[in-house]
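For reference, the structure discussed in these notes is given below.
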Amino acid sequence: MKRLITSLLVLTGLTGTMCSCNNSFNVVADLVVKGTIYTAEKENNGEATAFAVKNGKYIYVGDEQGVNKYIKEGKTQVINNNDGLVIPGATEGHGHFLGIDSLVKKLPCYYSKYGEIKEQLKEYIENPSNPKFFVSWGLDYQKYISQEDGWDHSINYAKELDELDPKCGNMPIILIDNGGHQALCNGFALKNAGLIKTDYTLDKEIRGGNIYQTNTKPRTASGWVGDELVMYVIGKNIDFSVYGEDFFIDSTKSTIEELHSRGFTNYLDAYINVFTEDGFHKILNQLDSKNELPINISTFSTIRAYEEKDYVDKISSIKNLADEYHSEHFDPYNVKLFADGVVEALTGWMIDEYPFYELMEKSNHGNQVWSQEELNKLVVESNQQGLNVHTHTFGDAACRATIDAYIYAENVTKKHYLNTLAHVRNIRRVDIEKAAEHNIGIASNLIWHTQGIAPDEDYAMNSAIMGALYPEGSYFTGYPMRSLLDAGVLVSSSTDAPCGETIKGNIQNIIEVATTGIAPGDEYKDYHVFNPDELISVRDVLDCLTINGAKQLGIDDKCGSIKVGKNADFVVLDKNFLNYVKLEDLQTIHDANIEYVYFEGNKVFPKKESV
């Protein structure tokens with residue numbers, strides 16, 4: 001592909017207007033960028049045509065004529081991005097690259113080839129290596145509950161795993177779905193986690209999740225676990241501490257490289273303590289002290305509902321870790337809570353009942369993790385200790401309870417904290433207005449706004465089937481965007497990656513999905529637009545990705561927009577889609593390539609290089 005961007009050192013042919021002598025302060029820029037620039041600032045409709053960078057900060061933002069005085073022969077690098085677009089560095093507002101993805105996918109017995117897990121498992125049982133466990137990610141949970149004979153596929157698959165179980169010995173097998181909220185486990189994994197007895201009957205219930213076994217006789221040893229129980233079972237069966245510091249360092253560095261390749265210079269990891277309480281804290285602090293952390297990272301330590309301990313002590317321990325390990329680019333002063341499960345799995349906490357309630361283990365309203373009183377106390381205690389709260393909320397009941405808890409805490413502490421909701425599949429209008437009034441942020445999964453992907457001729461049938469599973473009308477109103485922005489809610493972008501990542505969560509794909517409601521790619525061009533009233537503009541998405549994301553993390557004073565005095569974090573793309581409005585144009589945004597990513601004036605993608 002022809003490179004549309006040229007980068008050069010200005011050596012000859014400088015006119016008088018480009019000479020540094022026109023700069024009354026005689027300031028010479030390290031880097032100058034020219035082209036179409038979206039600043040994410042209100043001035044000039046958020047547009048500029050040039051900026052200058054020195055010592056990692058913007059020293060000029062404006063037009064080409066004004067920037068030329070900062071260029072000096074042999075001293076200034078110039079990027080001419082004539083046909084592309086430059087935007088501020090983006091924020092991934094809720095992901096699992098560190099705490100979950102980077103660890104699970106580096107396990108020596110991890111498998112991910114979709115459709116081949118079963119054969120890989122049989123082969124591994126015959127020829128096991130050390131350590132003796134088998135973990136996979138990508139099992140299609142929905143496939144086994146949506147066939148003509150209902151749950152029988154789930155049952156049969158569990159039975160097949162039972163047939164292999166006697167050959168496994170003391171070897172846990174955990175097959176995780178692609179969303180990270182369901183997993184099929186063999187009998188040993190469940191027994192080792194203390195969930196079932198030796199006769200395979202349920203031993204105890206764990207709060208915050210559910211376990212499903214068949215009712216056949218004899219009862220199968222294997223079973224599905226859901227929501228918080230997935231990570232609970234993994235943590236009880238695998239000791240991640242045995243892999244040592246290098247394991248965590250490699251995981252962290254590979255995560256940063258992946259985030260840069262997607263256009264992100266700020267990142268929120270939403271479950272940093274899933275397998276280790278302080279492993280990543282130490283590594284992130286060490287890397288930052290060595291100037292080897294070219295990204296702003298906020299981490300959220302989860303308070304698990306199934307933990308039998310004093311939650312005040314848990315909050316205090318999170319605060320103590322933050323005090324010990326926080327650094328310039330690492331902010332661990334955050335707590336995460338789960339308010340419910342996932343609506344798509346019929347475990348999201350909804351105000352109205354699920355019509356398919358007979359499939360639910362506990363409640364036909366979904367999985368309510370905390371009572372309102374408990375939520376109130378958890379948020380108040382966290383805020384009083386200086387910790388922001390970020391809550392997993394899918395259903396409208398979970399959103400309402402969480403917003404009410406945030407407002408309650410604000411009234412008690414008499415102070416506003418950066419408390420946010422994540423995901424928000426369904427939310428009522430009254431709660432949107434409350435979130436806007438109290439400046440409560442929402443990390444919205446913009447890239448999930450394509451739930452209705454089906455050709456027009458199949459859409460009516462598919463939507464009828466899906467609509468019957470959800471409380472009335474809720475399927476068609478999922479993942480609002482326009483309603484939130486119009487009400488004045490602070491909306492940032494999140495992908496939850498790699499959980500449920502059927503579409504790669506880079507900035508190009510996020511922008512395309514949020515503006516079209518259709519998955520990227522030629523094969524989807526004629527697909528039905530999901531929830532079209534909630535689609536937003538390119539500029540709206542860019543704001544969610546950039547300045548709003550920085551506000552969510554509380555770092556908008558130093559990044560999130562291209563403004564004099566802020567850090568020079570920016571992304572250079574080879575395609576200018578800023579003013580696209582037609583569907584046929586919007587559906588080409590995924591073709592754009594990220595040419596460069598800069599963090600504090602240094603190029604970090606495609607490789608780190610000092611200017």
Side-chain angles (χ1 to χ4, degrees), residues 93-94 337-344 346-355 363-380 383 388-446 448-449 451 467 470-494 514 530-536 540 544 548 551-552:
H94 179 109
L337 303 173
F338 282 87
D340 65 347
V342 180
V343 173
E344 286 83 351
L346 310 184
T347 59
W349 180 20
M350 299 291 286
I351 294 173
D352 295 332
E353 296 181 350
Y354 286 94
S363 167
N364 56 1
H365 288 271
N367 183 9
Q368 177 185 352
V369 178
W370 307 97
S371 69
Q372 187 66 62
E373 182 180 3
E374 289 172 323
L375 266 178
N376 292 348
K377 290 180 178 179
L378 284 164
V379 177
V380 167
N383 287 170
N388 299 310
V389 180
H390 184 81
T391 306
H392 166 113
T393 52
F394 266 79
D396 51 12
C399 291
R400 175 167 296 178
T402 302
I403 290 171
D404 287 347
Y406 290 169
I407 295 173
Y408 176 84
E410 186 176 56
N411 292 333
V412 171
T413 63
K414 307 300 181 184
K415 185 177 179 181
H416 177 74
Y417 287 85
L418 298 175
N419 299 328
T420 54
L421 284 74
H423 310 310
V424 185
R425 191 197 190 280
N426 295 97
I427 185 171
R428 300 292 179 98
R429 180 68 194 182
V430 63
D431 299 308
I432 292 176
E433 293 172 353
K434 285 193 292 185
E437 179 184 354
H438 293 272
N439 198 25
I440 295 170
I442 291 179
S444 176
N445 292 81
L446 307 183
W448 288 357
H449 197 89
Q451 297 293 297
Y470 295 69
E472 184 176 357
S474 61
Y475 172 73
F476 305 98
T477 57
Y479 301 109
M481 300 179 293
R482 180 81 275 149
S483 297
L484 298 175
L485 290 173
D486 286 349
V489 175
L490 177 67
V491 180
S492 59
S493 173
S494 66
F530 176 72
N531 203 357
D533 292 340
E534 291 293 339
L535 299 179
I536 56 180
D540 287 333
C544 292
N548 290 3
K551 287 179 178 178
Q552 177 195 337

Mind listing the closest non-hydrogen atom pair of [X] and [Y] along with its distance?
X      : Y      : answer
Ser444 : Pro480 : OG-O, 4.0 Å
Gly93  : Ser494 : C-CB, 3.7 Å
Ala401 : Trp349 : CB-CZ3, 3.6 Å
Ala487 : Arg429 : CB-NH2, 4.0 Å
Tyr475 : Tyr470 : CD1-CE1, 3.8 Å
Ile440 : Val489 : O-CG1, 3.7 Å

Determine whether a donor-acceptor pair (N or O, by modelled atom type, separation under 3.5 Å) exists between the side chain of [X] and the backbone of [Y].
X      : Y      : result
Asn364 : Glu353 : no
His365 : Ile351 : yes
Arg428 : Cys399 : no
Tyr354 : Gly348 : yes
Asp352 : Pro471 : no

Parallel under 30°, tilted from 30 to 60°, perpendicular over 60°: which one fits the rings of His423 and His94?
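His423 and His94: perpendicular rings.
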
For the pair Ser492 and Lys551, evaluate side-chain contact (heavy atoms from CB on, under 4.5 Å) and give the outcome as yes or no after the intermediate values.
CA-CA 9 Å; Ser492 59; Lys551 287 179 178 178; over 6 Å; no

Testing Asn439, Thr391, Asn383, Asn419 for side-chain hydrogen bond (donor to acceptor under 3.5 Å, both in side chains) with Tyr406, which one passes?
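Only match with Tyr406 under side-chain hydrogen bond (donor to acceptor under 3.5 Å, both in side chains): Thr391.
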
Looking at [atom1] of [X] and [atom2] of [Y], how far apart are the two atoms once the value is rounded to the nearest 0.5 Å?
X      : Y      : atom1 : atom2 : answer
Ile403 : Leu375 : CD1   : CG    : 12.0 Å
Leu484 : Ile442 : CG    : CD1   : 4.5 Å
Thr477 : Phe530 : OG1   : CZ    : 7.5 Å
Gln368 : Asp340 : CD    : CG    : 9.5 Å
Cys544 : Leu490 : SG    : CG    : 8.5 Å
Asn426 : Asp431 : CG    : CG    : 11.5 Å

Close side-chain approach of [X] and [Y], heavy atoms under 4.5 Å:
X      : Y      : answer
Lys377 : Tyr408 : no
Gln552 : Leu418 : no
Tyr417 : Val389 : no
Leu446 : Met481 : yes
His449 : Leu535 : yes

Got a sec: does the CD of Glu472 have more than 12 other heavy atoms crowding it under 6.0 Å?
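No, because the 6.0 Å sphere around CD of Glu472 holds 12 heavy atoms or fewer from other groups.
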
Test side-chain hydrogen bond (donor to acceptor under 3.5 Å, both in side chains) on Glu410 and His438; report intermediate values, then the result.
CA-CA 9 Å; Glu410 186 176 56; His438 293 272; 2.9 Å; yes

Decide side-chain contact (heavy atoms from CB on, under 4.5 Å) for Val491 and Ile536; before the verdict, give the C-alpha distance in whole Å, the side-chain angles of both, and the deciding distance to 0.1 Å.
CA-CA 12 Å; Val491 180; Ile536 56 180; over 6 Å; no

Residues Glu344, Phe394; criterion side-chain contact (heavy atoms from CB on, under 4.5 Å); working and verdict
CA-CA 9 Å; Glu344 286 83 351; Phe394 266 79; 3.8 Å; yes

Considering residues at least two apart in sequence or located in another chain, which fulfil the salt bridge (Lys or Arg N to Asp or Glu O under 4.0 Å) criterion with Asp540?
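Once residues adjacent in sequence are excluded, the partners of Asp540 under the salt bridge (Lys or Arg N to Asp or Glu O under 4.0 Å) criterion are Arg482.
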
